[in-house]
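None of the values given here were measured: they were computed from a predicted structure. What you see below is based on every heavy atom in this structure, not just the backbone, and it leaves out hydrogens, waters and symmetry mates.
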Amino acid sequence: MTTTTNDLAVEDVTRLVDDYLSGWNEVDSVEREEILVRCWAPDAALVDPPLDGRGHAGIDALIQALQQHYPDHRFVRSGEIDAHHDAFRFPWRLVGPDGDAALTGVDYGLVGDDGRLTRVTGFFDPAAGAGK
């Protein structure tokens, strides 16, 4: 079930999350930079268990590192977005060319007043191979 309160509209959060995931999947650096600028505040933070990216350049470096570690994989949303006030969460999978999930997890994020991400914190599900 997707829920929101008065601050975040379902369609705005859905569009933002889907754009956020498209940034992870974009291999063209120019296209990815456009997505990062559109989705992320300049001083935003992306924090996952093994990595920490700050600002557009730091987030881009984190994405590039994951793309190198998991070539030809794509992030997909694996469930509904739950949102209230300035916060949201959603489950995701990192899917390989064979359709199997290399990683699964949940991301928690905050949206700034300008509608862009200010922080996303990711958690990996241990059973999905997060130690790879």
Quick check for you: to the nearest 0.5 Å, what is the distance between F90 atom CZ and D82 atom CG? 12.0 Å
Rounded to the nearest 0.5 angstrom, the CZ-CZ distance for R77 and R93 is 12.5 Å
Heavy-atom nearest pair, H56 first then A41, reads NE2-O, 3.5 Å
Can you sort out the partners of H73 under ring-ring contact (aromatic ring centres under 6.0 Å, His included), two or more places apart, ordered by chain and number? Y70
Among V37, I35, L36, the one residue meeting side chain to side chain contact (heavy atoms under 4.5 Å, CB included) with C39: I35
Look up atom CG in D48 and atom OG1 in T121, then write down how far apart they are to the nearest 0.5 Å. 8.0 Å
Kindly write out the residues that satisfy salt bridge (charged side-chain N to carboxylate O under 4.0 Å, His left out) with D43, not counting sequence neighbours, or none if the list is empty. none
Closest heavy-atom contact between P49 and G122? CD-O, 3.4 Å
Under 3.5 Å side-chain donor-acceptor pair for R116 and T118: no
Does R15 come within less than 4.0 Å of D18, counting only side-chain N to carboxylate O? no
Who are the salt bridge (charged side-chain N to carboxylate O under 4.0 Å, His left out) partners of R74, not counting sequence neighbours? none
N25 side chain vs L21 backbone, donor-acceptor pair below 3.5 Å: yes
Kindly work out whether a path of hydrophobic side-chain contacts (I/L/V/M/F/W/Y, heavy atoms less than 4.5 Å apart) joins F124 to L51. yes
Under a single-linkage definition using a 4.5 Å side-chain heavy-atom cutoff for Ile, Leu, Val, Met, Phe, Trp and Tyr, are L110 and V13 assigned to the same hydrophobic cluster? no
Count the heavy atoms of every other residue, nucleotide or ligand shown that sit under 6.0 Å from CD of E26, and state whether that count exceeds 12. yes
How far apart are the closest heavy atoms of F123 and W92, and which atoms are they? O-CZ2, 3.9 Å
Cluster overlap L66 with W40, hydrophobic side-chain contacts below 4.5 Å: yes
D28 (side chain) donor-acceptor with E31 (main chain) under 3.5 angstrom: yes
Counting distance only, does the side-chain N/O of Q67 pair as donor-acceptor with the main-chain N or O of W24 below 3.5 Å? yes
Taking C-beta and beyond as the side chain, do V95 and D100 meet within less than 4.5 Å on heavy atoms? no
For D113, does the CG atom have more than 12 heavy-atom neighbours from other residues, nucleotides or ligands under 6.0 Å away? no
CZ of R32 to OG of S22, rounded to nearest 0.5 Å, is 11.0 Å
Interatomic spacing from CG in D60 to CD1 in I63 - rounded to 0.5 Å: 6.0 Å
Taking the side chain as every heavy atom from C-beta outward, state whether L117 and L16 have any atom pair closer than 4.5 Å. yes
Is there a side-chain contact (heavy atoms from CB on, under 4.5 Å) between R89 and Y108? Walk through the geometry before answering. CA-CA 4 Å; R89 66 181 174 179; Y108 295 85; 3.5 Å; yes
CG/L46 to CD1/I59 distance, rounded to the nearest 0.5 angstrom? 5.5 Å
Using the rule that two of Ile, Leu, Val, Met, Phe, Trp, Tyr join whenever any of their side-chain heavy atoms come within less than 4.5 Å, decide whether F75 and Y20 are in one cluster. yes
